[in-house]
There are 2 protein chains.
Amino acid sequence: MTPTETPISIIIAEDHPTFSFGVEQSLARVPHMRIIDKALNGKQLLQLLNTKKPDLILMDVLMPHMNGIEAAMQIRKDFPVIKIIFISMYEESSIIKQCMQYGHGYIPKASTTDELISVINTVIAGNTYFHNSKPLLFKQPYNDDLIKKYKLTRREVELIQLIKDGLTTKEIAAKLFLSTLTVETHRKNIFRKLEVKNITELIVFALNNQIAS
Amino acid sequence: MTPTETPISIIIAEDHPTFSFGVEQSLARVPHMRIIDKALNGKQLLQLLNTKKPDLILMDVLMPHMNGIEAAMQIRKDFPVIKIIFISMYEESSIIKQCMQYGHGYIPKASTTDELISVINTVIAGNTYFHNSKPLLFKQPYNDDLIKKYKLTRREVELIQLIKDGLTTKEIAAKLFLSTLTVETHRKNIFRKLEVKNITELIVFALNNQIAS
DNA sequence: TTATAATTACCTGTTAACAGGTATTACAGT
DNA sequence: ACTGTAATACCTGTTAACAGGTAATTATAA
């Protein structure tokens, strides 16, 4: 939108040199963007940041030694001013969600150069941009996919909701006018289906997968 | 980016007619966008949707009778295809976070027409766009704020992490070479400080507040 | 150095969670 | 009419969680 006087300085953190080179070539033609360095993984990136402070980092999510998310967690602590755009081969909602937590933008590797330039401008302008062709937000009201995948019944999903709200078996039974034994049965079935060993794992699973919001 | 053949149909839900009129005027000059109707609040909007199905809704966050967030929750259930862009006077992170949950985009009312058009195009293209000049993501570091607020010790945070990973008291004790009784003491202290009554509430709290990721 | 906080550990109970079953009723799909 | 699944409920245990204390060692900051 508004090209700055001094060019936007960028570091690419990406373990595949081929892709990294492609990005470099693409951005070479953009006057107000300059790639000042490259890193092959998170650790290398953090070392680079000791001497060079870019405006923005194009960060691959999956890298050896230290992945992009971990690196981003560290960077936002040490250099909160630096913008981070994640790039990933996979468009899984769980990944995109993490990117929303720890970065300012996300695009898949399959994106066009135009989209890349667009997202850089957007993020530098102080906004966020998360590409998702299969919209993640509207997939989660009740995560139907997951519920089908794990063959959860309506009642079971209802129970998960209540468990997540911190209700004990007894409280749930009272609320739903059921025997506590029935609630326990449901609970056991949920555990079996989701392959979790206790409430803790159930809650983490449910929250991460938006079965209970 | 890519103007469609048939124009993008839009409904505005906004309780201030002045603002609503301004948007209408602004978009009137954009050929591939068409405002097909207006609503003054969430309830009115939902009624409109019985007869008209827009591609996109420009939704004010704060409206009388039924606010934008509530309306969005309903709409994503009933008409998941419809895109929602929130418009708000306030740039509070709590509001933006909710918008990220229930919509595809967010811009403040102070935005330019260019930004409005840009966000509509972005969202229609299947992406998300959340304007935030004071970046919300980097405001919740690892959540040191919360840890300080609740006066959690290092050890307690460590315990929360392990509890979140589904470890039982015994397992945690073994891992940290502690007595199970010690772990129980820590746990009780955590419960007291965070004012939660059981592990379930602890997990939900920790995940929601990024104390444990 | 001297409080203060952090970490560790223990004691005594009660209650809830969890494991591994069986079994009945009801209803929806073929 | 039949069959599977959902929803309900029970039984028998064991173990973990939780509540309510007390108290001894470290660290650590005033």
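Lettering follows sequence order; numbering is per chain, from 1. All values below come from the heavy atoms of this structure, side chains included, with hydrogens, waters and symmetry mates left out.
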N/O donor-acceptor pairs under 3.5 Å from side chains in residues 42-49 of chain A, not counting sequence neighbours:
residue	atom	partner	partner atom	Å
A/Gln44	OE1	A/Leu40	N	3.0

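Taking a 4.0 Å limit (strictly below) on heavy-atom distances, residues 183-191 of chain A reaches DNA chain C at A/Glu184, A/Arg187, A/Lys188, A/Phe191. Near DNA chain C, meaning a heavy atom under 4.0 Å away, the residues from residues 167-180 of chain A are A/Thr168, A/Thr169, A/Lys170.
By the 4.0 Å N-to-carboxylate-O rule, A/Glu156 lies too far from A/Arg187 to be salt-bridged with it. Salt-bridge check for B/Glu14 with B/Lys109: passed, with a basic side-chain N closer than 4.0 Å to an acidic carboxylate O.
With values rounded to the nearest 0.5 angstrom, B/Leu176 atom CG is found 8.5 Å from B/His186 atom NE2. From B/Lys52, atom NZ reaches atom CG of B/Asp37 across 3.5 Å, with rounding to the nearest 0.5 Å.
At least one side-chain nitrogen or oxygen of A/Thr153 sits closer than 4.0 Å to the OP1 or OP2 atom of D/dA7. Remark: A/Thr182 is not in phosphate contact with D/dT8, judged by side-chain N or O atoms under 4.0 Å from OP1 or OP2.
When each of D/dA6, C/dC18, D/dC18 is scored by its nearest atom to the side-chain atoms of A/Ile199, the top-ranked nucleotide is C/dC18.
Atom-to-atom, CD1 of B/Ile163 to P of D/dA16 comes out at 15 Å; the value is rounded to the nearest Å. Following rounding to the nearest Å, A/Glu158 (CD) and D/dA6 (P) show an atom-to-atom distance of 15 Å. In this structure, CZ of B/Arg154 is placed 15 Å from P of C/dA5, rounded to the nearest angstrom. Across the protein-nucleic acid pair, A/Lys151 atom NZ and D/dT5 atom P stand 8 Å apart, rounded to whole Å. When rounded to the nearest whole Å, the span between CG of B/Leu159 and C1' of D/dA17 equals 15 Å. We find that CZ of B/Arg155 is positioned 20 Å from P of C/dA5, with the value rounded to whole Å. Spacing between atom CG of A/Leu181 and atom P of D/dC11 amounts to 7 Å, rounded to whole angstrom units. Nucleotide C/dG20 holds its P atom 14 Å from the NZ atom of A/Lys197, rounded to whole Å.
Side chains of B/Leu162 and B/Glu171 form no contact here, defined as non-hydrogen atoms less than 4.5 Å apart.
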Kindly determine whether B/Ile199 and B/Phe191 satisfy side chain to side chain contact (heavy atoms under 4.5 Å, CB included), including the steps that lead there. CA-CA 8 Å; B/Ile199 282 203; B/Phe191 281 19; 4.1 Å; yes

